[in-house]
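These notes are about the structure you will find just below.
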There are 2 protein chains.
Amino acid sequence: MRIGELAELTGVSRRLLRYYEEQELIKACRTENGYRAYSLETADRVRQIRGLLDAGLSTRAIKQLLPCLNGSKSIDIPWVAPETMEMLERERDGLTARIDVLTRNRDAIQSYLDRVAG
Amino acid sequence: MRIGELAELTGVSRRLLRYYEEQELIKACRTENGYRAYSLETADRVRQIRGLLDAGLSTRAIKQLLPCLNGSKSIDIPWVAPETMEMLERERDGLTARIDVLTRNRDAIQSYLDRVAG
DNA sequence: ATTGACCTTCACATCAATGTGACGGTTCAA
DNA sequence: TTGAACCGTCACATTGATGTGAAGGTCAAT
């Protein structure tokens with residue numbers, strides 16, 4: 001599929017799709033005429049990227065995370081560098097911290113709403 | 001306390017403390033000579049703001065949320081505009097969506113780590 | 001009285017994520 | 001063959017969160 005269709009499908013502008021490619025979050029083949037060609041799974045990947053961006057992650061962080069999150073299916077994980085593991089642990093802890101802050105604040109909103117409505 | 005002390009206490013630069021004031025996230029009185037004077041609780045508030053910013057919220061969203069999150073203690077909630085309630089419900093749902101995305105991805109990292117280490 | 005450590009405002013710089021639009025090529029249908 | 005609807009690159013603009021630093025006021029200690 002070409003970039004316009006992918007943009008339509010995902011709700012992400014062409015400009016941003018090119019940007020994500022530049023940031024190495026997605027890949028695109030090229031047809032003879034130079035047009036980008038995307039596989040269907042790219043749409044899912046773009047949606048995943050949007051979710052993470054909307055959740056406050058940077059493209060840089062996302063770039064680090066995505067390979068691990070998607071390589072899930074492939075069972076061949078023969079060897080992972082210790083630094084990579086440490087990076088992932090740091091990212092995991094960072095996400096956990098974010099989750100905790102957001103959860104606390106969401107619960108505070110909820111209890112405020114409860115008190116007001118009750 | 002003055003701005004330098006607050007910055008020291010919270011690890012947030014003077015520049016940003018002024019910025020947060022400009023964005024109406026915190027308030028400061030002024031002493032005769034024009035210096036900002038902060039109450040002690042401001043430090044907690046600043047830490048809360050940092051948490052939310054680090055978790056990916058904008059100052060604009062934080063400005064909307066903070067009054068509700070802190071007015072918690074005061075039991076006098078005589079009347080809340082329906083639009084305010086709706087705004088809070090939207091914010092709550094937004095936070096929940098963020099939390100879900102982050103949780104899914106953290107769990108994916110964790111299971112990757114488990115698989116690699118196992 | 002001077003110096004150093006504060007403070008003020010203001011303005012300009014930067015970075016990431018995003019928009020907008022110019023200029024030009026490709027393809028397809030009328 | 002021409003025009004619409006795509007595509008490409010490139011560059012400049014904007015917004016939000018931040019840094020940096022200039023020019024000047026205040027204050028306390030020397």
Side-chain angles (χ1 to χ4, degrees), chain A residues 1-39 42-43 45-66 91 94 97-98 101-102 105, chain B residues 1-39 42-43 45-66 91 94 97-98 101-102 105:
Chain A
M1 110 184 74
R2 293 188 297 183
I3 198 173
E5 196 180 347
L6 182 58
E8 187 73 17
L9 217 67
T10 59
V12 173
S13 74
R14 293 146 222 252
R15 172 67 174 85
L16 280 185
L17 292 174
R18 298 195 188 103
Y19 176 65
Y20 297 158
E21 181 180 348
E22 186 186 302
Q23 301 302 306
E24 297 174 86
L25 302 185
I26 57 180
K27 277 177 310 189
C29 318
R30 296 302 182 117
T31 59
E32 300 168 357
N33 54 25
Y35 288 8
R36 287 172 177 81
Y38 299 98
S39 68
T42 310
R45 190 168 173 108
V46 169
R47 287 191 205 97
Q48 188 177 20
I49 291 168
R50 280 309 324 171
L52 289 165
L53 279 171
D54 288 342
L57 297 212
S58 66
T59 55
R60 195 179 159 289
I62 295 172
K63 179 183 170 186
Q64 290 191 299
L65 292 192
L66 276 185
E91 293 288 350
R98 274 179 148 86
V101 168
L102 294 178
N105 284 280
Chain B
M1 113 184 70
R2 293 187 298 181
I3 198 172
E5 195 180 346
L6 183 59
E8 186 72 18
L9 217 66
T10 59
V12 173
S13 73
R14 292 146 224 253
R15 172 68 173 85
L16 279 184
L17 292 174
R18 298 195 189 102
Y19 177 64
Y20 297 159
E21 180 180 349
E22 186 187 302
Q23 301 303 306
E24 297 174 85
L25 302 184
I26 58 180
K27 276 175 311 187
C29 320
R30 297 303 181 115
T31 58
E32 301 168 356
N33 53 26
Y35 288 8
R36 286 173 179 81
Y38 298 99
S39 68
T42 310
R45 191 168 173 109
V46 169
R47 287 191 204 96
Q48 189 175 21
I49 292 169
R50 281 309 325 170
L52 289 165
L53 279 171
D54 288 341
L57 296 212
S58 66
T59 55
R60 194 179 158 290
I62 295 173
K63 180 184 169 186
Q64 290 192 300
L65 292 192
L66 275 184
E91 294 288 351
R98 274 178 146 88
V101 168
L102 295 178
N105 284 280

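Quick caveat, the model's predicted, so the values are computed rather than measured. Letters A, B, ... mirror the listed sequences (proteins, then strands); counts begin at 1.
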Is there a side-chain contact between [X] and [Y], using heavy atoms and a 4.5 Å cut-off?
X     : Y     : result
A:E21 : A:R36 : yes
B:V46 : B:L9  : no
A:Y35 : A:I3  : no
A:Y20 : A:K27 : no

Close residues, residues 27-35 of chain B, relative to DNA chain C [heavy-atom separation under 4.0 Å]: B:R30, B:G34, B:Y35

Contact list for DNA chain C against residues 48-64 of chain B - heavy-atom distance below 4.0 Å: none

Those residues that, when tested against B:R45, pass salt bridge (Lys or Arg N to Asp or Glu O under 4.0 Å) (two or more places apart): none

How many angstroms lie between [atom1] in [X] and [atom2] in [Y], if you round to the nearest 0.5 Å?
X     : Y     : atom1 : atom2 : value
A:L53 : A:Q48 : CG    : CD    : 11.0 Å
B:L25 : B:L66 : CG    : CG    : 6.5 Å
B:I26 : B:L17 : CD1   : CG    : 5.0 Å

Pairs meeting criterion side-chain hydrogen bond (donor to acceptor under 3.5 Å, both in side chains) with involvement of residues 2-19 of chain A, two or more places apart: none

Shortest non-hydrogen contact between A:T31 and A:A37, atoms and distance: CG2-CB, 4.0 Å

Positions of residues 6-19 of chain B (non-hydrogen atom under 4.0 Å from DNA chain D), listed by number: B:S13, B:R15, B:L16, B:Y19

Residue whose nearest DNA chain D nucleotide is more 5′ - B:Y20 or A:I3: A:I3

Nucleotide range of DNA chain C lying under 4.0 Å from chain A heavy atoms: C:dA16 to C:dT27

Side-chain polar contacts of residues 54-65 of chain A - donor-acceptor pairs under 3.5 angstrom, sequence neighbours left out - could you list them?
| unit_1 | atom_1 | unit_2 | atom_2 | d |
| --- | --- | --- | --- | --- |
| A:D54 | OD1 | A:R50 | NH2 | 2.7 |
| A:S58 | OG | A:A61 | N | 3.1 |
| A:K63 | NZ | A:E24 | OE2 | 3.1 |

First and last nucleotide of DNA chain D, 5' to 3', lying under 4.0 Å from heavy atoms of chain B: D:dG16 to D:dC27

